[in-house]
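Okay, so here's the structure we're looking at.
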Amino acid sequence: MMFTKRLFQNKYRLFYASCFALITTAFSFSIRAGIIPELQDEFGFTSEQIGRIDQMWFLGFPISMVLGGLLYNTIGPRLIMQFAFFAHSVGIVMTVFAGGYDALLISTLLIGIGNGCTEAACNPIIADSFVGNRMNKLMNRFHMWFPGGIFLGGLISYYAGVKIWPWQTQIWVIMIPTVIYAILFWGQTFPKPRVSGPTSLMTNLKGMVSPLFLFILVCMFFTANTEFGPTKWIESVLKGSGAQPMIVLSVVAGVMALVRYFGGSLVAQFKQPLLLLGSSALAVLGIYLFSTQSGYVLYISAVIFAVGVAYYWPNMIGFVAEKLPKTGAIGLSIVGGVGMIAAASLQPVIGRWIDTAKAEGEAMGLVETQLEIYQGQETLQTMIIFPLILVGLFTILLIWQLRANKLKSS
């Protein structure tokens, strides 16, 4: 009843539309992850080629996110979301009717661009529509729908696999939230940006030229790949493991959504560097268990891994907002953009690791399930390097911040 009543209030309708736009982003991640084996079977792609296709998803995201952030005050959110709908729709249709490698590259890039436009427009739409605690509450609920949408998309992909839906039918499912957000946005009045004073891009750029900001960018490279490396390749690295890869992905996404929704108190109790350090230790343990265990134990591994990576993205952004406020909104966009570019840069590399592990297994005489387990576990053991490096980096950050706080108090 409350939902129906709010649906006719402009600002809540914009909020619900934003949530469906983010669900579109999440579906494009999880469902596309689920169809990797079908694409390889139909087109004969290597894992490295699949990695280059996935790279376009991650590459289109930061391009449109940063450009959308820069142009938001000039062209407004309506035009940005209209372009997002265009990019999503064309990208989905091109994917369904793709006849080969090049078409999939272009279609995936378009979907990534639509996702970046969503991020660039919907955050300020919510921030400009609500104030105070209400704004913070709804912003957290909005961001919950990325892992929440991955959870739903993972279940849909698993169900589709059981029912033997062709991969094209699964891609069409992404169009459902796309059409819904377009309908909800249609004819609505968008809020005007809140400008609290003169802003200076030069001031923001100067704020970004600092050792701490550059250090955070390095950390963001590894946090993004720790989160997206195992999850984007879930079908390839857990195939033959005795657990359903898309159910594992849904468990990871579901736990992440719950942690982000209910776990805000931990952020208040612990300093961000300490929380990020603890998260990295859990991520190491989660990936290690993925690479050594099989069967139902992998679902427990998924919970540990999910708790580890859930705090990465919001706390990296929050750290910059709190400790480096002079970087402004563009600084936050740059941090998020670097994360996506980092994930994009390593997609073909991870694909190559999988191809190499498969070749090694074949040379050892492994076949079928044994080969699948070997290639997955070998690749995951290589991925452990990401959170291991983060344990070192966040230890440095923790010491750095403790010393900085001590200097301030003295």
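None of these values were measured; they are calculated from a predicted model.
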Donor-acceptor pair between [X] and [Y] side chains, under 3.5 angstrom:
X	Y	answer
Tyr312	Ser280	yes
Ser28	Asn115	yes
Arg32	Ser157	no

Name all residues meeting the ring pair (Phe, Tyr, Trp, His ring centres under 6.0 Å) criterion together with Trp233; count only those two or more places apart in sequence or in a different chain, and write none if there are none.
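Trp233 satisfies ring pair (Phe, Tyr, Trp, His ring centres under 6.0 Å) with no other residue.
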Any side-chain heavy-atom pair of [X] and [Y] under 4.5 Å:
X	Y	answer
Ile53	Phe45	yes
Lys326	Ser210	no
Leu393	Phe215	yes

Residues which pass side chain to side chain contact (heavy atoms under 4.5 Å, CB included) with [X], listed by chain and number, not counting sequence neighbours:
X	result
Gln401	Leu212, Pro273, Phe319, Lys323, Leu397
Pro177	Phe20, Ile23, Thr24, Phe27
Leu285	Leu289, Ile304

According to side chain to side chain donor-acceptor pair (under 3.5 Å), who are the partners of Trp167, at least two apart in sequence or on a separate chain?
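For Trp167 the side chain to side chain donor-acceptor pair (under 3.5 Å) partners, ignoring immediate neighbours, are Glu42.
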Distance in Å, Trp313 CH2 paired with Arg260 CZ, rounded so as to fall on 0.5 Å steps
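Going from CH2 on Trp313 over to CZ on Arg260, the span is 9.0 Å.
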Could you state the interatomic distance from CE (Met316) to OG (Ser279), rounded to the nearest 0.5 Å?
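Between atom CE of Met316 and atom OG of Ser279 there are 11.0 Å.
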Is the ring pair His88/Tyr181 parallel, tilted or perpendicular, if the boundaries are 30 and 60 degrees?
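Answer is perpendicular, since the angle exceeds 60°.
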Classify the ring geometry between Tyr296 and Tyr299 as parallel (under 30°), tilted (30 to 60°) or perpendicular (over 60°).
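Answer is tilted, since the angle falls between 30° and 60°.
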Could you name each residue pair satisfying ring pair (Phe, Tyr, Trp, His ring centres under 6.0 Å) that touches residues 361-394, not counting sequence neighbours?
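Listed by first then second residue: nothing to list.
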Please determine whether a side-chain nitrogen of the Lys or Arg among Lys239 and Glu235 lies less than 4.0 Å from a carboxylate oxygen of the Asp or Glu.
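No, Lys239 and Glu235 are not salt-bridged.
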